[in-house]
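Report on the following structure.
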Amino acid sequence: MDHLKSIEYLKSSYNKRICQIADERKAGKKLVGTFCLFVPDEIILAAGADRTILCGGRNDTVSIAEQYLPRNICPLVKSSFGSIVNDGCSGVRSCSHFSMVDLIVAENTCDSKKKMYEILASHVPTYIIDLPQRPDSPEALQYFLQELEKFKSRMEQLTGNRITAEQLKKEIRSSNETRKLFHKLYALRKKDPAPISGVDMLTILQKQYFLSPEELKKSLKLLVDEVENVRPEGTHRPRIMISGCPMSAGNTKVPEIIESKGGVIVVEESCTGTRSFWDPVDESKDPMLALAERYIRIPCSCMSPNERRIENILELSRDFKVDGVIYYTLQFCHGYNIEKYKVQQALKKAGIPMLFVETDYSNSDVEQIGLRVDAFMEMLS
Amino acid sequence: MISAGLDSGSATTKAVLLKDGKCIAYSIQPTAFDFISAAEKAYKDVLDQAGIVKSDIDHVYSTGYGRNSIKFADKAISEITAHALGVYHLYPEVNGIIDIGGQDSKVVSVYNGKVVDFLMNDKCAAGTGKFLEYTARALEVPIDDLGSLALASEKPACITSMCTVFAESEVISLRSRGSAKEDIAAGLIESIARRIAVMALQLGIKQNVAFVGGVAKNTGIRAALEKELQVSFYVPPEPQITGALGAALYGIG
């Protein structure tokens, strides 16, 4: 596959962004750390604050967290927590941005995160947005809207700036532009052979939560321009959809295995994938209501019922002409692990083969996963 | 045309020679630490048996845990595909395969020799040959006698640990409470059988099932699994070589 200059550029963007954040903070701007798609960036940005992601994808900070948290919870929760509370005594260094946040804005999604936040709050100021988990009822929407209003006040208090409807609308327009760029990029991935690898794609999917909105848009435009001009060579390779848990920065294990075994990832039904940008925010409505409506519809497995996710998976597998789905979960992520059953049933009915891979952040199972993926590729070809 | 198949497993390395689709030689060697020399040894053994040399071979295909490290092989395939081909060659009517090897166990759903779906055990040794090896040691029984010992049991002990290390401690505490050896052996075998049966049921494998891999030689496990799944298995005369056989068949195309 072609060497993409924009991806190389993105890979080297970390230090530049850290300097930018440091300068902003020196000038009095506040930095908010988030973990989850349910926290609307638009509200943070409309308050004049900046935001960064605190989800950990590295294995070496997991053991730091295990001083506080039980062993049997998901590596994402542990790696995130370990990266934040790390004092460097164990010889492991967290990435710099983890120690730069003025406020953590968390959300009540899965049990592990909820309970982890309670402990985290004694280390770093933490604000929690409560999330109703029956997303389709009008009461849930009203409740979520109230939660977002409270969050808006908390952001005003943090920054000392009033959030106006105009500002919110401006940020919504800007975020929608980013979402459109992602759609443009994904539309190009519908080509066969695919013009961009899933491993390259994961770079921008992970960086989207870290870069400033302007820098992200710039990078996406460059990437779209570059990928539009790629003339992929070679024959058809099995087209794979990844569905399931997020792959936070530092975690590229499974996509690398898939693509080294001859498959190509063409779409990710994940928080590092379609869930982040698929639906736009309605620009014609009251901005707070439009945000509540858009964000409560994210098909996370903490929602019940979550039929929307299954419909979405089936639709994506048709649109992207997927040969097989690799259902990816992190160990002890009960939501996505349990939801696997319903997804598998639906895919079976649709005649789409699925391989289930449950893993953590260690490299101990690379060979075992490799064997399963080998066999899956042989099955698809 | 002569083709060779090599199955580099975690416990044993197997080689098969096929001439015009018929097996003319096979070899089973312990893998030990150096799996490349084990593969070379098995390969040399089948060549010697057939009285031919390397240049007489048209294709060599490898499979198994060490498949990608066997440099003299033309191509590597997964053992899941290999077992499906090997079993199809022996029993075309089979639509489910259970393979319990040294390091992993798999259940494969097949149709006309093609893999339709498959499941493998999780990362640990539960439900594998290793599990039996360790727990037999705790019982001080040779692993080959575990099956026949278990058949003598009238009330199998209940072993619930999935983890090999914990199961070993469970065996020790059962012994200290005075459980009979045969009851513990039967309990161990039932615990594996239950685990494999769950995987088979997940894939909907109910009839025409082949049982292959080294553990298929163990009559006690075979009986317990047959009881758990309520089927009578197809077991090849040499159940350890179906992977190597499948690799050799893949070479023929």
Side-chain angles (χ1 to χ4, degrees), chain A residues 59 71-72 74-75 238 253-254 256-258 260-263 323-333 337-338 340-381, chain B residues 7-10 35 61-69 75-85 97 99 101-128 130 162-163 198-199 201-204 243 246-247 249-250 253:
Chain A
N59 195 41
R71 202 175 55 81
N72 294 353
C74 97
K253 177 167 76 178
V254 171
E256 277 171 7
I257 295 173
I258 294 170
S260 76
K261 301 288 185 190
D323 295 308
V325 173
I326 293 191
Y327 195 93
Y328 169 89
T329 67
L330 294 169
Q331 266 175 7
F332 312 113
C333 174
N337 273 322
I338 297 171
K340 179 203 84 181
Y341 181 79
K342 292 194 89 174
V343 173
Q344 186 156 37
Q345 300 287 98
L347 286 171
K348 206 173 245 176
K349 222 172 136 192
I352 301 161
M354 184 189 110
L355 173 71
F356 172 50
V357 173
E358 182 185 13
T359 186
D360 58 13
Y361 288 172
S362 77
N363 279 326
S364 62
D365 56 1
V366 167
E367 285 299 319
Q368 280 114 320
I369 296 174
L371 168 63
R372 288 160 168 80
V373 174
D374 260 339
F376 193 58
M377 294 302 157
E378 288 162 1
M379 204 176 114
L380 296 180
S381 55
Chain B
D7 180 357
S8 171
S10 64
F35 53 90
Y61 277 64
S62 63
T63 187
Y65 154 80
R67 64 194 179 286
N68 293 317
S69 308
K75 191 180 157 69
I77 62 166
S78 76
E79 45 268 50
I80 291 154
T81 302
H83 279 295
L85 287 169
I97 302 170
D99 165 36
Q103 191 175 256
D104 56 40
S105 48
K106 15 185 158 6
V107 177
V108 190
S109 156
V110 287
Y111 183 72
N112 280 345
K114 286 232 16 149
V115 177
V116 179
D117 204 352
F118 64 92
L119 277 177
M120 288 180 71
N121 66 313
D122 303 322
K123 335 209 289 191
C124 74
T128 70
K130 268 278 169 280
M162 293 293 186
C163 169
V198 166
M199 300 209 302
L201 292 172
Q202 269 177 276
L203 290 192
L249 287 161
Y250 193 86

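In what follows, chains carry the letters A, B, and so on, assigned in the order in which the sequence lines appear, proteins first and then strands, with residues in each chain numbered from 1. Predicted model only: the values in this text are computed from it and were never measured.
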Atom pair [atom1] ([X]) and [atom2] ([Y]), whose distance is rounded to the nearest 0.5 Å:
| X | Y | atom1 | atom2 | value |
| --- | --- | --- | --- | --- |
| B:Asp117 | A:Phe356 | CG | CZ | 13.0 Å |
| B:Thr63 | A:Asp374 | OG1 | CG | 9.0 Å |
| A:Glu378 | B:Lys114 | CD | NZ | 9.5 Å |

(request) With a 4.5 angstrom heavy-atom cut-off, could you sort out which part of B:Val116 is near chain A: side chain, backbone, both or neither? (result) backbone
(request) Could you tell me which portion of B:Ile77 (side chain, backbone, both or neither) has an atom closer than 4.5 angstrom to a non-hydrogen atom of chain A? (result) both
Nearest heavy-atom neighbours spanning [X] and [Y]:
| X | Y | value |
| --- | --- | --- |
| A:Leu371 | B:Met120 | CD2-CE, 3.4 Å |
| B:Gln202 | A:Lys348 | O-NZ, 4.5 Å |
| B:Phe118 | A:Arg372 | CZ-O, 3.3 Å |

(message) Is it the case that the side chain of A:Glu367 and the backbone of B:Tyr65 share a donor-acceptor pair, with hydrogens and angles ignored and the cut-off at 3.5 Å?
(response) no
(message) Please classify the contact of A:Leu355 with chain B as side chain, backbone, both or neither, using a heavy-atom distance under 4.5 Å.
(response) side chain
(request) Under 4.5 Å heavy-atom distance to chain B, tell me which part of A:Met377 shows up: side chain, backbone, both or neither. (result) neither
